[in-house]
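Below, all heavy atoms of this structure are taken into account, side chains as well, without hydrogens, waters or symmetry copies. This structure is a prediction, so every number in the text was calculated from the model and none was measured.
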Amino acid sequence: QVQLVESGGGLVQAGDSLRLSCVASGRTFSNLPMGWFRQAPGKEREFVARISGKGDNTYYADSVKGRFTISRDNVKNTVYLQMNTLKPEDTAVYYCAARKSPGLSRIVGAWDYWGQGTQVTVSS
C-alpha cells in the first residue's frame with residue numbers, strides 16, 4: 001500500500017507560480033512511477049505530467065508543456081510539480097498518483113494510488 005499526501009495549492013493570480021509537493025510512504029519510492037493529474041469542476045480527471053522511478057523520463061500534457069515541470073527527490077520520497085505562468089484554465093484540484101508497475105501511462109485508470117488532492121485556483 002502507498003499513502004500519498006499533497007500540499008502547496010492555493011489561490012494565485014494569472015502569471016504567478018506555485019509548487020506542489022506530494023510525499024509518499026509505504027513502498028520503495030524510487031521504484032514507483034509518479035504522476036500528477038487534475039480535475040476541474042464538472043470535468044473528468046485529466047493527466048498533467050508523469051515521471052519515472054529514477055526521474056530520467058518525464059512526459060507532459062500539451063496544455064502544460066513548457067510551463068510545468070515534474071521532478072522527484074527519492075531521498076525525501078517526494079514528487080514535485082512546479083507550475084509557472086499559471087492560467088485561469090489551470091484551476092482544478094490537483095492529485096498525485098503512483099503506479100505499482102514500472103510502466104508510464106496517461107490513463108487515469110492505470111494508476112493505483114491517489115492522494116486526497118490540493119486545490120489550485122488561478123484568478124484572471
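- Using a 4.5 Å heavy-atom cutoff, the side chains of D16 and V122 are not in contact.
- The two atoms that bring T85 and D90 nearest to each other are O-OD2, 4.4 Å, heavy atoms only.
- Between F37 and W114, the ring center distance clears the sub-6.0 Å criterion.
- Here the side chain of T118 pairs a donor or acceptor atom with the backbone of G9 at under 3.5 angstrom.
- Nearest heavy-atom pair, L4 versus A24, reported as atom, atom and distance to 0.1 Å: CD2-CB, 3.6 Å.
- For the pair W36 and L20, the tightest heavy-atom approach, listed with the atom from each and the gap, is CH2-CB, 3.7 Å.
- Hydrophobic clustering (ILVMFWY, side-chain heavy atoms < 4.5 Å, transitive): V48 and V12 are in one cluster.
- Although no hydrogens or angles enter the test, the distance criterion places no donor-acceptor pair under 3.5 Å between the side chain of Q82 and the main chain of I70.
- When all heavy atoms of Q39 and K43 are compared, the pair lying nearest together is NE2-O, 3.1 Å.
- Under the 3.5 Å distance criterion, the side-chain polar atoms of E6 are matched with a main-chain donor or acceptor of C96.
- Donor-acceptor pairing under 3.5 Å is lacking for the side chains of Q13 and S123.
- Between the R50 side chain and the P33 main chain, no donor and acceptor come within less than 3.5 Å of each other.
- Residues satisfying the salt bridge (Lys or Arg N to Asp or Glu O under 4.0 Å) criterion with E46, sequence neighbours excluded, are R38.
- F29 and W111 are members of different hydrophobic clusters when ILVMFWY side chains are connected at heavy-atom separations under 4.5 Å.
- Side-chain contact between M34 and R72: present, with at least one pair of heavy atoms (C-beta onward) separated by less than 4.5 Å.
- Not counting sequence neighbours, the partners of K65 by the salt bridge (Lys or Arg N to Asp or Glu O under 4.0 Å) test are D62.
- Rounded to the nearest 0.5 Å, atoms OG (S30) and CG (N74) are 5.0 Å apart.
- By the criterion of side-chain heavy atoms lying less than 4.5 angstrom apart, applied directly or through intervening Ile, Leu, Val, Met, Phe, Trp or Tyr residues, V2 is grouped together with Y94 in one hydrophobic cluster.
- The backbone N or O of I107 sits less than 3.5 Å from a side-chain atom of S105, completing a donor-acceptor pair.
- Cation-pi geometry between R45 and Y95 is met: under 6.0 angstrom from the ring centre, within 45 degrees of the axis.
- Shown here are the salt bridge (Lys or Arg N to Asp or Glu O under 4.0 Å) partners of D56, two or more places apart in sequence or in another chain: there are none.
- A donor-acceptor contact shorter than 3.5 Å links the side chain of T78 to the backbone of K76.
- Here the straight-line distance linking atom CG of D112 with atom CZ of R99 works out to 6.5 Å at 0.5 Å rounding.
- Across all non-hydrogen atoms, the minimal contact from P88 to S124 is CG-CB, 3.8 Å.
- Proximity of a side-chain donor or acceptor of N77 to a complementary backbone N or O of V23 within less than 3.5 Å is not detected.
- Note: the hydrophobic cluster containing L86 also contains L81 (ILVMFWY, side chain heavy atoms under 4.5 Å, direct or indirect links).
- In this structure, CG in D73 is found 5.0 Å from OH in Y80, a value given to the nearest 0.5 Å.
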inquiry  = With side chain to side chain contact (heavy atoms under 4.5 Å, CB included) as the criterion, how do Y113 and Q3 come out once you've worked through the C-alpha distance, each side chain's angles and the decisive distance to 0.1 Å?
reply    = CA-CA 7 Å; Y113 305 105; Q3 293 78 43; over 6 Å; no
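- No hydrogens or angles considered: a donor-acceptor pair under 3.5 Å links the side chains of N84 and S17.
- Follow the hydrophobic side-chain contacts under 4.5 Å out from F47 and you never reach M83; the two are in separate clusters.
- Taking each heavy atom of Q119 and A92 in turn, the nearest pair found is NE2-O, 3.4 Å.
- With 3.5 Å as the limit, one finds no donor-acceptor pair spanning the side chains of E89 and T91.
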